[in-house]
Amino acid sequence: MKLSDARVIIEGLIFAAETPISAGEISAIVELDVNVVESLVEEVRERYAEGALLIRNVGGGYQIVTKPELAPWIEKLGRPVISAPLTAASTETLAIIAYQQPVTKAEIEQVRGVRSDSAINNLLDRELICELGRKAGPGRPILYGVTEKFFEHFGLKSTDELPLKGISEWK
Amino acid sequence: MKLSDARVIIEGLIFAAETPISAGEISAIVELDVNVVESLVEEVRERYAEGALLIRNVGGGYQIVTKPELAPWIEKLGRPVISAPLTAASTETLAIIAYQQPVTKAEIEQVRGVRSDSAINNLLDRELICELGRKAGPGRPILYGVTEKFFEHFGLKSTDELPLKGISEWK
Amino acid sequence: MGYIVELDVYQGPFDLLLDLVAKNEVDLWDIPIAAITEQYLAYLYSLQEKDLAITGEFLVMAATLIRIKSRMLLPQEPVEDEPLEETEDPRLELVQQLVRYKFFKEAADFLKQCYAEAAKHFTRGQRIENYDLSPIYIDPLGDLTLDELSTIYNELLSDREQEPPIHTVTSQISLEERLALVRLQLVGQPRATFSELVRSDSVTEIVVTFLAILELARLGEIRLVQTQSCGEIDIMPLELEVEVQP
């Protein structure tokens with residue numbers, strides 16, 4: 001077997017293996033020295049320099065994956081696209097978070113008077129709110145705040161710019 | 001986006017997609033014309049000439065697979081066979097469905113001259129055929145058609161690739 | 001069980017007939033029906049001798065063949081108002097079925113070749129992991145305006161003002177205070193019972209304490225166990241439990 005043939009076989013084996021495949025396992029299949037296998041893997045790696053793929057070492061084995069910079073594109077493959085408007089529950093929850101941030105789920109639920117888990121999850125999925133850390137005290141509850149995306153949408157720099165119509169009376 | 005970047009993104013998308021991905025789907029993600037996508041896929045294909053991989057067209061989509069000449073080596077990995085070969089009864093039934101879809105069980109049985117329930121169930125289990133709805137008329141029988149998996153499994157681009165020799169004699 | 005293999009040789013009566021036509025090297029469009037019928041029946045008898053079940057479809061075909069054979073043996077009686085040439089060949093329907101079946105049998109062979117060829121290609125062995133697959137929201141805020149947002153917030157706050165706060169109307173004990181107190185009562189306790197926490201017989205005290213432990217359970221700070229209905233409620237602070245059972 002020519003080494004260039006061996007290089008191609010090794011590339012195919014790494015691609016088709018169901019778990020990361022080690023130089024030792026490859027060596028047993030192609031009947032070449034582990035050192036030779038390793039240097040041929042390096043050759044494949046060099047050939048991959050210009051393309052989308054990458055040979056990665058994981059858990060003592062080789063694995064072909066896409067280059068990390070392609071992640072934003074590849075994520076678009078599997079992510080469902082949703083254009084549904086905000087529900088009333090989510091809008092209420094968002095208003096509370098915008099005005100009271102940083103705020104815990106319990107505090108949101110106190111204002112709304114109902115459980116707000118699904119509204120919070122929906123706002124997290126929409127990337128309108130994010131976790132800001134945890135509150136000191138029992139249970140160390142998560143604190144929520146609005147995101148850059150929220151500010152961008154309304155053209156705001158910070159929550160200080162939220163309209164205060166009538167709000168000071170309650171504060 | 002530069003076209004060379006787009007080429008790399010397209011290669012990554014075809015690699016990462018769990019099922020064959022069409023030029024149209026790629027075009028929606030990279031926001032380029034379908035023609036441009038197709039010519040970039042051709043470029044990737046040329047770049048693959050020397051390696052272990054190739055881009056094949058199946059069921060209207062692209063898919064990256066290993067070259068056939070590597071099969072004897074890759075079989076040594078011991079990957080479980082995706083599915084046992086079909087029986088003659090199932091293959092006949094599948095051929096009828098591929099050519100005649102949408103087609104009912106009664107129509108299939110008329111061609112084969114024998115009951116075909118178990119062949120149909122077997123093909124449904126393997127997800128090579130699916131129900132396409134019901135035919136209008138008495139009994140509203142189920143209509144069957146082939147799936148994307150059928151094309152993938154048999155490496156066919158579309159039903160247009162099925163041979164037509166002799167079809168005029170009975171059609 | 002070697003006989004089963006022999007039965008499996010033919011997919012059905014069409015398959016058997018096609019094989020007989022091929023073996024006799026005759027034209028499918030001009031089948032010597034008498035000879036083929038004889039061979040067809042001989043095959044069925046041979047199956048019967050081996051005590052193999054013959055499916056109904058093979059028997060129906062035998063009847064069809066015999067009917068065609070007899071029609072072909074009868075002299076063609078001229079049908080009134082119809083010239084002789086246009087009388088249909090009794091074999092025609094069967095031949096059409098055979099031609100059609102033969103086409104699909106060949107198509108099945110083609111698929112078998114495709115399968116063998118496709119099996120030489122291997123797809124990517126590993127799944128792509130660690131990608132975020134949560135939904136993408138196009139226009140996540142829709143047409144919500146800042147004014148609407150502040151109005152909604154104001155309404156929420158005023159609703160809260162107008163609503164009689166349940167926990168202060170009937171007593172001086174607020175739920176929040178009771179909650180804080182229960183937390184204090186539980187400090188350093190591996191477990192407590194509900195009756196230990198209640199400090200008086202007042203219904204309000206019992207109700208508010210009960211609400212407080214429900215709230216603490218909801219917040220995940222305690223676990224409640226009641227082994228029988230109307231029985232004692234055991235309260236176990238959860239952080240302590242974690243420390244006791246690492």
Side-chain angles (χ1 to χ4, degrees), chain A residues 1-22 24-32 37 40-41 43-56 61-81 83, chain B residues 1-22 24-32 37 40-41 43-56 61-82:
Chain A
M1 177 165 48
K2 281 187 294 180
L3 279 185
S4 61
D5 290 346
R7 194 199 67 225
V8 173
I9 293 166
I10 291 171
E11 185 191 350
L13 289 171
I14 300 173
F15 174 84
E18 290 190 303
T19 49
I21 184 168
S22 68
E25 290 170 286
I26 296 173
S27 147
I29 292 176
V30 296
E31 294 173 359
L32 286 171
V37 169
L40 289 171
V41 171
E43 277 187 37
V44 182
R45 217 171 234 153
E46 281 160 32
R47 286 175 165 265
Y48 276 8
E50 286 197 354
L53 309 180
L54 181 71
I55 295 186
R56 172 165 93 156
Y62 301 112
Q63 183 182 46
I64 297 179
V65 292
T66 51
K67 289 182 179 165
E69 59 267 32
L70 297 178
W73 299 95
I74 288 166
E75 283 174 359
K76 292 192 184 186
L77 278 177
R79 298 179 66 177
V81 174
S83 60
Chain B
M1 175 164 52
K2 281 186 296 180
L3 279 184
S4 60
D5 291 344
R7 194 197 68 225
V8 173
I9 292 167
I10 290 170
E11 183 192 350
L13 289 172
I14 301 173
F15 176 87
E18 291 295 331
T19 50
I21 183 170
S22 70
E25 289 169 288
I26 295 172
S27 148
I29 293 176
V30 297
E31 292 172 2
L32 286 171
V37 169
L40 288 171
V41 172
E43 279 187 34
V44 180
R45 215 171 235 154
E46 281 161 30
R47 287 175 165 263
Y48 275 11
E50 288 197 352
L53 308 180
L54 70 82
I55 297 183
R56 71 170 177 177
Y62 301 112
Q63 187 179 42
I64 296 180
V65 292
T66 54
K67 290 182 178 167
E69 59 266 31
L70 298 180
W73 299 94
I74 290 167
E75 278 161 11
K76 295 191 184 182
L77 284 173
R79 265 176 73 162
V81 182
I82 299 170

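Just so we're on the same page: letters track the sequence lines, and every chain starts at 1. Please read these numbers as outputs of a predicted model, since none were measured by experiment.
Using a 4.5 Å cut-off between heavy atoms, Ile29(B) touches chain A through backbone and side chain atoms alike. Contact of Glu69(B) with chain A is not made at all, since no heavy-atom distance falls under 4.5 Å. For Ile14(A), no part lies under 4.5 angstrom from a heavy atom of chain B. Contacts of Val65(B) with chain A are made by backbone atoms alone, with heavy-atom separations under 4.5 Å and no side-chain atom involved. There is no contact between Ile10(B) and chain A, counting heavy-atom distances below 4.5 Å. Both the backbone and the side chain of Glu50(A) come within contact range of chain B, each with at least one heavy atom under 4.5 Å from a heavy atom of that chain.
The two atoms that bring Ile21(A) and Leu77(B) nearest to each other are CD1-CD2, 3.5 Å, heavy atoms only.
Rounding to the nearest 0.5 Å places CG of Leu53(B) at 7.0 Å from CG of Leu53(A). Atom CD1 of Ile9(A) sits about 11.5 Å away from atom OG1 of Thr66(B), to the nearest 0.5 Å. Between atom CG of residue Asp5(B) and atom CH2 of residue Trp73(A) there is a gap of 9.0 Å, rounded to the nearest 0.5 Å.
Remark: the backbone N or O of Ala52(A) is paired with a side-chain donor or acceptor of Glu11(B) at under 3.5 angstrom.
In this view, Glu18(A) satisfies the salt bridge (Lys or Arg N to Asp or Glu O under 4.0 Å) rule with no residue, not counting sequence neighbours.
For the set Ala17(A), Ala28(A), Ala16(A), the count of heavy-atom pairs under 4.5 angstrom toward chain B peaks at Ala16(A).
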